[in-house]
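See structure below.
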Number of protein chains: 2
Amino acid sequence: MADTHREQSRVPRSRNVGRPRQSEQALLDAAAAVFVTSGVDAPVREIAAKAGVGVGTIYRHFPTRPELVVAVYRHQVEACAEAGPRLLAESASPEAALRAWVALFVDFLVTKHGLAGALQGDNAGSDALHTYFVGRLVPVCGSLLEAAREPGAAATEIDAYNVLKGIGNLCISASSDAQYDAAALVQLLISGVLARGDR
Amino acid sequence: MADTHREQSRVPRSRNVGRPRQSEQALLDAAAAVFVTSGVDAPVREIAAKAGVGVGTIYRHFPTRPELVVAVYRHQVEACAEAGPRLLAESASPEAALRAWVALFVDFLVTKHGLAGALQGDNAGSDALHTYFVGRLVPVCGSLLEAAREPGAAATEIDAYNVLKGIGNLCISASSDAQYDAAALVQLLISGVLARGDR
DNA sequence: AATAGTACGGAACGTCGCTCCGTAATTCAC
DNA sequence: GTGAATTACGGAGCGACGTTCCGTACTATT
């Protein structure tokens, strides 16, 4: 292996000289663009190439892959979270609000290839993506759920975390399978969640 | 790269000499054992080590990873498929039969770590695991569904493929997340599927 | 005994997420 | 202005993955 290891400046190659790369925004834009074309699972190297930086730079700003994903989608998740209370105020009924919000969420997940799949934190609480989604959206989903349920709903009812995660799971592989209709299944799940115990 | 490539018999090392390794059964047993301890996503090398063979041997018998998984679980999938008609005959109502069968299926998926996750065929029809599950179980699920639905169910009703895939997706990450209750969500989904359009 | 056929192990390959480190750009002290 | 300290950078390298490939060693056939 008598090779050339550690030699990246054989030629003083200009690099992106001078420009201090004002922070992460350029990175986020590049990542967002790559996610659109290649899905959320796109290799980090591809994002780095698109942004014209090395992978090291990406990992300096976003220590793990999920954190980059969170950063890219933070605005949209935030918008989705904020839509919850608004829908509750504007809709004809709490159930309509819940269904509209859920449709919003599903549409968000389905249009971002691979996002739903990346959502389940594989182990422990160490997955920033899962943690962020759950932390931000469970409370929203919870209030909508509470409002839409019968007043004296039993304590045995399934909780918002389960509903949210169930929705997320149902959205997996929604893109890439034309005959799979995640939105319809999710609405059916909501029907089940809202149904009284008599069914 | 002037290295030692292609030299695996420096020493005539005894190998598993003589024994022609009567077919795949030993492989399947080893794989099943590893799947239990390390999940369905266990590295092929680990299975090979457990079986005392090289990875090449595994790939000779099962050209792709999904095919090995299919082979390991074929019996149980078969049993699940056969349980469908039996439950329909034995149960008090078609709905009870459907719910019992679904519970059976969920239990199967949930107890095999990672199986549900491995179930979505990533692309095209090339995933043997997805293809096998769908091909074997969709008809079964379809008859149960048909029996359990109102007689004149609209053509707009969701089909068995969607229901089955939805169940599979809901079971993802059921192990490894103590507060996630896949079985409950699946039953709620079934409630939604069975509910009349008036909800 | 010589040959053909086949099953075998595991090195090698390409790709992944992520780490590491030599170097370049910038800032600061004087 | 000059030199040292600090910071940001690119991309080679690492370990692990699924999968391929091929020299070898068994087994059958003649």
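Atom set for the values below is all heavy atoms of this structure, side chains included, hydrogens, waters and symmetry mates excluded. First the proteins, then the strands, lettered A, B, ... as listed; each starts at 1.
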Interatomic distance, [X] [atom1] vs [N] [atom2] [rounded to whole Å]:
| X | N | atom1 | atom2 | answer |
| --- | --- | --- | --- | --- |
| B:Phe62 | D:dT20 | CZ | P | 16 Å |
| A:Leu129 | C:dG17 | CG | P | 14 Å |
| A:Arg60 | D:dG10 | CZ | P | 8 Å |
| B:Glu46 | D:dA16 | CD | C1' | 12 Å |
| B:Ile58 | C:dA7 | CD1 | P | 16 Å |
| A:Leu68 | C:dC18 | CG | P | 10 Å |
| A:Tyr59 | D:dG13 | OH | C1' | 14 Å |
| B:Arg65 | D:dC17 | CZ | P | 10 Å |

| said: Is it the case that D:dG11 (base atoms only) and A:Arg45 (side chain only) share a donor and an acceptor within less than 3.5 Å, ignoring hydrogens and angles? | reply: no

| note | Exactly one of B:Ile190, B:Val106, B:Val140 clears side-chain contact (heavy atoms from CB on, under 4.5 Å) with B:Trp101, and that residue is B:Val140

| query | Out of A:Asn162, A:Val163, A:Val102, which residue meets the side-chain contact (heavy atoms from CB on, under 4.5 Å) rule with A:Cys141? | reply | A:Val163

| Listed nucleotide nearest any side-chain atom of B:Thr57, set C:dC8, D:dG11, D:dT20 | C:dC8

| task | Would you indicate what B:Ala49 reaches in the nucleic acid, counting non-hydrogen atoms under 4.0 angstrom: base, sugar-phosphate, or nothing? | result | nothing

| request: Report which part of the nucleic acid A:Val44 touches: base, sugar-phosphate, or nothing (heavy-atom distance under 4.0 Å, all strands). | output: sugar-phosphate

| message | One pair to check against side chain to side chain contact (heavy atoms under 4.5 Å, CB included): B:Val70 and B:Phe62. What are the steps and the verdict? | response | CA-CA 10 Å; B:Val70 166; B:Phe62 308 98; over 6 Å; no

| message | With a 4.0 Å limit, can you tell me whether A:His61 has a side-chain N or O closer than that to the phosphate oxygens OP1/OP2 of D:dC9? | response | yes

| request: Check whether more than 12 heavy atoms from other residues, nucleotides or ligands sit under 6.0 Å from atom CD of A:Glu146, and answer yes or no. | output: no

| remark: By nearest-nucleotide position on DNA chain C, the 5'-leaning member of B:Gly56 and A:Val55 is B:Gly56

| task | Say whether B:Ile172 and B:Leu115 are linked into one hydrophobic cluster, either directly or through other cluster members, by side-chain heavy-atom distances under 4.5 angstrom. | result | no

